[in-house]
Amino acid sequence: MTSKKYILGVFEDEDVLLNAIEKTRAAGTKIYDVFSPYPIHGIDDVLGIQRSRLPIVAFFCGLCGTSFALWMQIYMLGFDWPMIIGGKPHVALPSFIPVTFELTVLFAAFGMVITFFIISGLRPTLKVPVMDVRSTDDKYVMAIELKEGTDISKLNDLLRSNGAVEVNQKEVVK
Amino acid sequence: MQHVSPIREPLVTGGKTYADITEDVCRQVEAKPNMRWMIALGVSLVFLGIFIYSVYRTLWFGIGEWGLNKTVGWAWDITNFVWWVGIGHAGTLISAILLLFRQKWRTSINRAAEAMTIFAVICAAMFPVLHMGRPWLAYWVLPLPNTFGSLWVNFNSPLLWDVFAISTYFSVSLVFWYIGLIPDFATIRDRATGPIARRAYALLSMNWTGSAKHWSRYETVSLILAGLATPLVLSVHTIVSMDFATSVIPGWHTTIFPPYFVAGAIFSGFAMVLTLMIITRKTFKLEDYITLEHVESMNKVITLTGSIVGVAYITEFFIAWYSGVEYEQYAFINRATGPYWWAYWSMMTCNVITPQLFWFRSIRRSLTATFIISIFVNIGMWFERFVIIVTSLHRDFLPSSWVMFSPTSIDIGVYVGTMGLFFTLFLLFAKFFPVVNMAEVKSILKSSSGVSHTHNPGASMHGTAPNSHKHD
């Protein structure tokens with residue numbers, strides 16, 4: 001059982017929050033995470049969040065779907081049990097397009113979503129590590145991890161002077 | 001900071017704050033069900049009972065319980081299948097295509113519209129499965145290794161394409177819908193007081209905390225899913241239309257079918273969204289979120305797609321004459337003047353004439369008129385499929401096999417019953433799930449609510465609101 005302490009700055013406006021993030025980072029303080037009720041436009045830049053590479057995952061999963069679908073149809077109707085259907089060749093590629101397209105979409109969508117769940121740690125669980133429940137309603141919460149020897153009052157001043165309406169402490173037991 | 005457009009109407013009225021949105025949407029999830037909801041659910045369950053009874057008769061006594069005969073081997077079942085799938089398409093259009101086009105008005109209706117998609121596809125899937133006669137062998141449509149008959153499924157058949165198209169469409173729509181629900185489930189979880197509600201919504205919300213990193217990925221995933229769902233929804237109705245277009249039946253064998261079916265699907269789907277939304281906004285007091293602006297926008301889509309459908313009907317007639325093919329010409333003359341003339345003219349009236357009333361702004365913005373016209377469109381689109389299917393089949397190449405089709409009570413029971421299934425699912429959704437996407441509505445509130453927010457005393461006190469973060 002390890003526990004970590006966080007200091008939470010609660011904000012009431014997204015523009016104030018974005019400004020506070022910039023100021024906090026400029027002051028050399030590392031921000032653990034920011035919690036908001038909806039995606040804030042422009043927060044990625046100020047927090048330095050890299051552009052997600054999930055589209056690449058989707059592309060390669062889609063490619064797997066395309067290959068699998070083509071292999072499946074060509075193998076089954078062309079080689080494993082060839083039959084003449086409607087006078088078409090055994091490997092009638094034009095009529096394999098619909099199934100190939102559908103499986104491409106299916107693999108791309110599921111591959112990307114499953115990757116998203118895994119890398120973000122999203123899984124059904126009863127105990128949810130929410131820092132401040134108001135952050136899913138109408139407040140924005142900036143969490144800064146407290147390490148040994150961090151000056152709490154200085155952090156408090158920094159957050160308050162940048163527009164935090166509340167500054168709280170929270171201990172999270174892992 | 002607050003941008004008020006001189007041209008565009010606000011998307012959220014009533015001067016709502018973020019907390020108000022949470023409160024307004026969570027209210028009916030948390031409150032005890034009201035009387036109106038209970039009565040509606042009761043009625044839906046009666047219709048669900050009719051569905052179960054009709055399905056029991058169909059399975060126990062066989063497909064002979066339906067009014068099909070040797071000439072008309074497909075009738076209400078496939079009509080209802082196409083009708084339901086078409087209705088489903090509006091949900092994907094609103095959530096995916098309008099997302100790609102950055103249409104912000106979609107945010108307050110996309111949740112319910114996507115739910116409608118999923119439930120409509122469930123209803124649609126009932127018909128081909130029941131028409132198999134032996135639904136317990138439904139897995140035969142999958143390419144599984146086996147030791148009976150011709151060994152693999154026929155990948156040249158549009159019916160098999162349908163299997164892949166509908167199941168992919170259903171799964172991807174479900175995932176898209178669920179991804180959007182996760183943050184809202186988290187909101188409900190964090191407000192929940194009862195132990196059951198807290199646990200249920202904790203499981204559903206998948207550990208969501210609203211972290212900036214997660215939101216960033218969430219937006220990427222939504223965008224890519226929208227990009228995947230857009231060609232998917234077009235492919236689904238294209239493939240459904242190929243069930244007909246790849247055959248050699250006069251009246252079916254036409255290349256116009258895919259775009260014509262897709263336009264018809266969007267047309268009927270928006271009508272169903274309007275029918276449902278007008279009831280939902282009233283019942284759950286969501287008038288500030290689903291405004292007349294939303295209704296008007298949807299009515300414009302209905303006018304556009306209704307006109308495309310109208311042009312398609314006329315084109316079909318022209319091409320039948322221009323082709324010089326006697327059978328093709330007869331099929332169309334028979335549609336308009338034969339024994340099913342009433343179905344054809346119901347279709348023409350409901351689909352071509354009624355949506356043109358939306359050229360008048362006052363009708364476009366009238367809830368009563370919109371509600372009535374949306375019902376007309378739903379009826380018209382059902383007749384469209386009935387006309388295409390039954391009139392093309394009932395008088396085939398050999399006059400000695402000409403027959404009429406009339407539905408049995410079981411046919412009617414299965415159809416009416418799927419409405420019970422649909423509304424039961426929709427009412428359960430409306431009670432236990434957030435019907436409006438709270439997170440997305442909150443994200444557009446600042447730029448489109450039409451009032452400036454004074455809920456940030458902290459900001460004004462310190463005077464630190466920067467101008468560097470412009471919201472477009």
Side-chain angles (χ1 to χ4, degrees), chain A residues 12-13 15-16 18-19 33-39 41-44 47 49 52 54-55 58 72-73 76-77 80-81 83 85-86 88 92 95-96 98-99 101-103 105-106 108-110 112-113 116-117 120-126 128-130 133 135-138 161-165, chain B residues 1 17-19 22 143 150-152 154-156 160-161 164-165 168 171-172 175 179 182-183 186-187 189-191 199 202-203 205-221 224-225 228 231-232 235 239 439-440 442-443 446 455-456 458-459 462 464-466 469 471:
Chain A
E12 286 193 329
D13 185 90
D15 293 313
V16 178
L18 289 176
N19 185 49
D33 212 338
V34 176
F35 302 94
S36 59
Y38 59 86
H41 193 77
I43 200 170
D44 293 11
L47 266 179
I49 295 175
S52 169
L54 282 166
M72 175 176 78
Q73 295 173 91
M76 286 176 181
L77 292 195
D80 190 52
W81 195 275
M83 278 193 302
I85 297 160
K88 296 185 187 79
S95 59
F96 293 171
V99 172
F101 172 76
E102 301 300 333
L103 288 185
V105 170
L106 188 71
F110 274 80
M112 176 180 62
V113 168
F116 166 60
F117 282 166
S120 305
L122 298 179
R123 58 183 188 281
T125 163
L126 285 174
V128 183
V130 180
V133 290
S135 72
T136 52
D137 179 9
D138 65 341
S161 67
N162 282 309
V165 289
Chain B
M1 213 157 65
T17 64
Y18 296 118
T22 313
S150 66
L151 282 178
W152 296 111
N154 176 10
F155 287 107
N156 297 299
L160 187 77
W161 304 344
F164 280 85
T168 302
S171 338
V172 172
V175 165
I179 294 271
I182 288 175
T187 303
R189 169 200 72 200
D190 291 345
R191 287 166 55 95
R199 291 203 174 91
L203 287 175
S205 64
M206 304 271 282
N207 213 7
W208 182 263
T209 54
S211 145
K213 181 102 196 165
H214 293 176
W215 274 124
S216 166
R217 289 185 188 133
Y218 168 94
E219 288 210 292
T220 308
V221 167
I224 300 292
L225 278 181
L228 289 170
L232 178 64
S235 84
I239 291 173
E440 284 197 5
K442 284 173 188 172
S443 74
K446 210 157 190 182
H455 67 289
N456 47 353
H462 294 275
T464 48
H469 306 291
H471 292 261

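The sequence lines fix the lettering, A, B, ..., with proteins before strands; numbering per chain opens at 1. Since the model is a prediction, treat every value here as computed from it, not as a measurement.
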Q: Kindly compute the distance separating CH2 (B:W152) from CE (A:M72), expressed to the nearest 0.5 Å.
A: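 That separation rounds to 9.5 Å.
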Q: A side-chain contact here means heavy atoms from C-beta on lying under 4.5 Å apart; do A:V113 and B:L225 qualify?
A: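 With C-beta onward as the side chain, the pair touches.
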Q: Among B:P183, B:A186, B:A212, which residue forms the greatest number of heavy-atom pairs with chain A at distances under 4.5 Å?
A: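 Among the listed options, the one with the most contacts to chain A is B:A212.
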Q: Does the ring centre of A:F101 sit less than 6.0 Å away from the ring centre of B:F164?
A: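 No, ring centres 6.0 Å or more apart.
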Q: Counting only heavy atoms closer than 4.5 Å, note whether A:A58 contacts chain B via side chain, backbone, both or neither.
A: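 Just its side chain gets close to chain B.
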Q: At what distance, to the nearest 0.5 angstrom, does CZ of A:F35 lie from NE2 of B:H214?
A: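 Those atoms lie 8.5 Å apart.
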Q: Working to the nearest 0.5 angstrom, can you tell me the gap between B:D190 CG and A:T136 OG1?
A: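 Spacing of CG (B:D190) from OG1 (A:T136) equals 3.5 Å.
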Q: Side chain, backbone, both or neither: which part of A:D44 has a heavy atom under 4.5 Å from chain B?
A: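 For A:D44, side-chain heavy atoms alone lie under 4.5 Å from chain B.
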Q: Go through the atoms of A:L126 and report whether side chain, backbone, both or neither lie under 4.5 Å from a heavy atom of chain B.
A: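 Both parts, backbone and side chain.
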Q: Provide the closest heavy-atom pair for B:F155 versus A:V99 in the form atom of the first, atom of the second, distance.
A: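 Where B:F155 meets A:V99 most closely, the heavy atoms are CD2-CG2, 4.1 Å.
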Q: Which bit of B:I239 comes within less than 4.5 Å of chain A, counting heavy atoms only: side chain, backbone, both or neither?
A: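 For B:I239, the contact with chain A is made by the side chain alone.
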Q: How far does CG of A:L54 sit from CD1 of B:I224, to the nearest 0.5 angstrom?
A: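 If I round to the nearest 0.5 Å, the distance is 8.5 Å.
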Q: Give a yes or no answer on whether the side chain of B:K442 reaches the backbone of A:D137 with a donor-acceptor pair at less than 3.5 Å.
A: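 Present.
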Q: Tell me which of these, A:A92, A:S120, A:P37, A:G121, has more heavy-atom pairs under 4.5 Å with chain B than the rest.
A: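 Between A:A92, A:S120, A:P37, A:G121, the count favours A:S120.
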Q: Between B:S205, B:A202, B:P231, B:S211, which shows the greatest number of heavy-atom pairs under 4.5 Å with chain A?
A: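 Top count of heavy-atom pairs under 4.5 Å with chain A: B:S211.
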Q: Using a 4.5 angstrom heavy-atom cutoff, name the option from A:V130, A:L47, A:I85 with the most pairs to chain B.
A: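 Most heavy-atom pairs under 4.5 Å with chain B: A:I85.
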Q: Identify which of B:L228, B:N156, B:L160 forms the greatest number of heavy-atom pairs closer than 4.5 Å to chain A.
A: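 Counting heavy-atom pairs under 4.5 Å, the top option is B:N156.
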Q: For B:Y218, which residues count as a ring pair (Phe, Tyr, Trp, His ring centres under 6.0 Å) partner, sequence neighbours excluded?
A: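 Applying ring pair (Phe, Tyr, Trp, His ring centres under 6.0 Å) to B:Y218 gives B:W208, B:W215.
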Q: Has A:S52 got a side-chain atom pairing as donor or acceptor with B:R217's backbone, closer than 3.5 angstrom?
A: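 Here the side-chain-to-backbone pair does not exist.
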Q: For B:P143, is it the side chain, the backbone, both or neither that has a heavy atom under 4.5 Å from a heavy atom of chain A?
A: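 For B:P143, backbone and side chain are both near chain A.
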Q: Quick check for you: among B:I182, B:V221, B:V172, which has the greatest number of heavy-atom pairs under 4.5 Å with chain A?
A: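 Result: the option with the highest number of such pairs is B:V221.
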Q: Side chains of A:Y38 and B:E440: does their closest heavy-atom pair fall under 4.5 Å?
A: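 The answer is no; the side chains never approach within 4.5 Å.
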Q: Less than 4.5 Å to any heavy atom of chain A: does that hold for the side chain of B:I179, its backbone, both, or neither?
A: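 When you check distances to chain A, only side chain atoms of B:I179 fall under 4.5 Å.
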Q: Short question: side chain of B:W161, backbone of A:F96 - any donor-acceptor pair under 3.5 Å?
A: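 Judged by distance alone, no pair lies under 3.5 Å.
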Q: Of the backbone (N, CA, C, O) and the side chain (C-beta and beyond), which part of A:L106 lies under 4.5 Å from a heavy atom of chain B, both, or neither?
A: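 Both backbone and side chain.
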Q: Do B:R191 and A:V133 touch side chain to side chain, with heavy atoms closer than 4.5 Å?
A: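 Not in contact.
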